[in-house]
Amino acid sequence: MPFPSSPRARSGPRRRSLLAAAPAALLVAGCSAESENSETGGSRPSAADRARAHAVRESQDLAARYDAVVAAHPKLAERLRPLRAEVVRHAEAFGGAVKAPSSPSPSVSSPSVSSPSVSSPSVSSPSASSSGSGAASSMPSAAAVPAKEKDALAELAAAEREIADARTRALVDAPGELARLLASVAAAGAAHVYLLTEAGR
């Protein structure tokens, strides 16, 4: 009995489909993580709590970087807005928040200039080293933005890739539901890398 032929797969992911798939995955993983967090007792934060707090800081730093790039290169605003909004959802999925973008006046500089990361004070957490990832601590200041749009996009892609890789490593030691959330957010970050790289061409 002949089987019906399957339709030919499309050659690659599309921007709209990549952005549309992530929120649903985050909703499922985020709700599960909240349930898991509510079952953790005691006043001392658990390893999972520390990992979530570190993930929040990473997303806050990344959102600040997006804000700085948009402030330095307003023509990129429409292109970067949906990616930045997803980074905010990542922070919220981990139990944190990101402040609305203000109107900063970032310095436009060479990509080689770096300084300590900028963290939002809205979420307090233990030391970052407990999460097994140092991506946020090594992130340069969001105020230092390359003068060329292409270079600014490349730096955003590199930051997204670094955080996605760190979260992939961290999920190995994370409890089940948190590991699922880390995997979902890491996959979204990898999609951002693709979109930023494509946009930079």
Side-chain angles (χ1 to χ4, degrees), residues 18-67 82-101 114-142 156-196:
L18 286 171
L19 292 176
L26 281 177
L27 179 61
V28 174
C31 291
S32 300
E34 288 176 6
S35 173
E36 179 187 78
N37 191 37
S38 64
E39 296 173 358
T40 304
S43 57
R44 192 173 182 178
S46 65
D49 291 333
R50 294 193 296 272
R52 288 192 189 94
H54 183 64
V56 168
R57 290 199 306 276
E58 287 178 322
S59 293
Q60 289 170 338
D61 289 341
L62 192 54
R65 186 189 288 272
Y66 272 94
D67 292 340
L83 302 183
R84 196 259 184 200
E86 210 166 72
V87 170
V88 172
R89 286 195 292 270
H90 296 169
E92 293 170 348
F94 286 112
V98 176
K99 292 182 178 180
S114 62
S115 61
S117 62
V118 178
S119 299
S120 168
S122 59
V123 175
S124 58
S125 58
S127 63
S129 60
S130 58
S131 71
S133 162
S137 60
S138 62
M139 185 176 292
S141 171
L156 278 176
E160 288 273 16
R161 183 183 295 108
E162 182 180 1
I163 292 176
D165 290 347
R167 287 170 174 171
T168 300
R169 292 191 299 269
L171 68 84
V172 175
D173 298 320
E177 301 299 346
L178 177 57
R180 213 179 305 176
L181 177 57
L182 286 167
S184 176
V185 173
H192 288 187
V193 173
Y194 170 80
L195 295 173
L196 289 166

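Residues Leu196 and Leu83 approach most closely at CD2-CD1, 3.7 Å, considering heavy atoms. Taking all atoms of both residues into account, the shortest heavy-atom contact from Arg167 to Ala186 is CB-CB, 4.2 Å. For the pair Leu181 and Ala93, the tightest heavy-atom approach, listed with the atom from each and the gap, is CD2-O, 3.5 Å. The two residues Ala164 and Ala190 come nearest to each other via the heavy atoms CB-N, 4.1 Å. Minimum interatomic distance between Ala159 and Leu62 (heavy atoms only, all atoms of both residues): CB-CD1, 3.9 Å. Looking at every heavy atom in both residues, Ala188 comes nearest to Glu86 through CB-OE1, 3.9 Å.
Counting only N and O atoms by type, the side chains of Thr168 and Asp165 include no donor and acceptor under 3.5 Å apart.
Side-chain contact between Val98 and Val87 is absent, with no heavy-atom pair separated by less than 4.5 Å.
Judged purely by atom type and a 3.5 angstrom limit, Ser184 has no side-chain atom pairing as donor or acceptor with the backbone of Arg180.
Judged as a salt bridge (charged side-chain N to carboxylate O under 4.0 Å, His left out), and not counting sequence neighbours, Arg161 has no contacts. Taking the side chain to side chain contact (heavy atoms under 4.5 Å, CB included) definition, one finds that Ala187 meets it with nothing, sequence neighbours left out.
How far CD of Glu160 is from OH of Tyr66: 3.5 Å, rounded to the nearest 0.5 Å. Leu195 contributes atom CG, which lies 12.0 Å from atom CG of Leu156 (distance to the nearest 0.5 angstrom).
Using a 30° and 60° split on the angle between ring planes, His192 and His90 fall in the parallel class, below 30°.
In summary, Arg89 and Glu92 do not engage in a salt bridge, as defined by a charged side-chain N under 4.0 Å from a carboxylate O.
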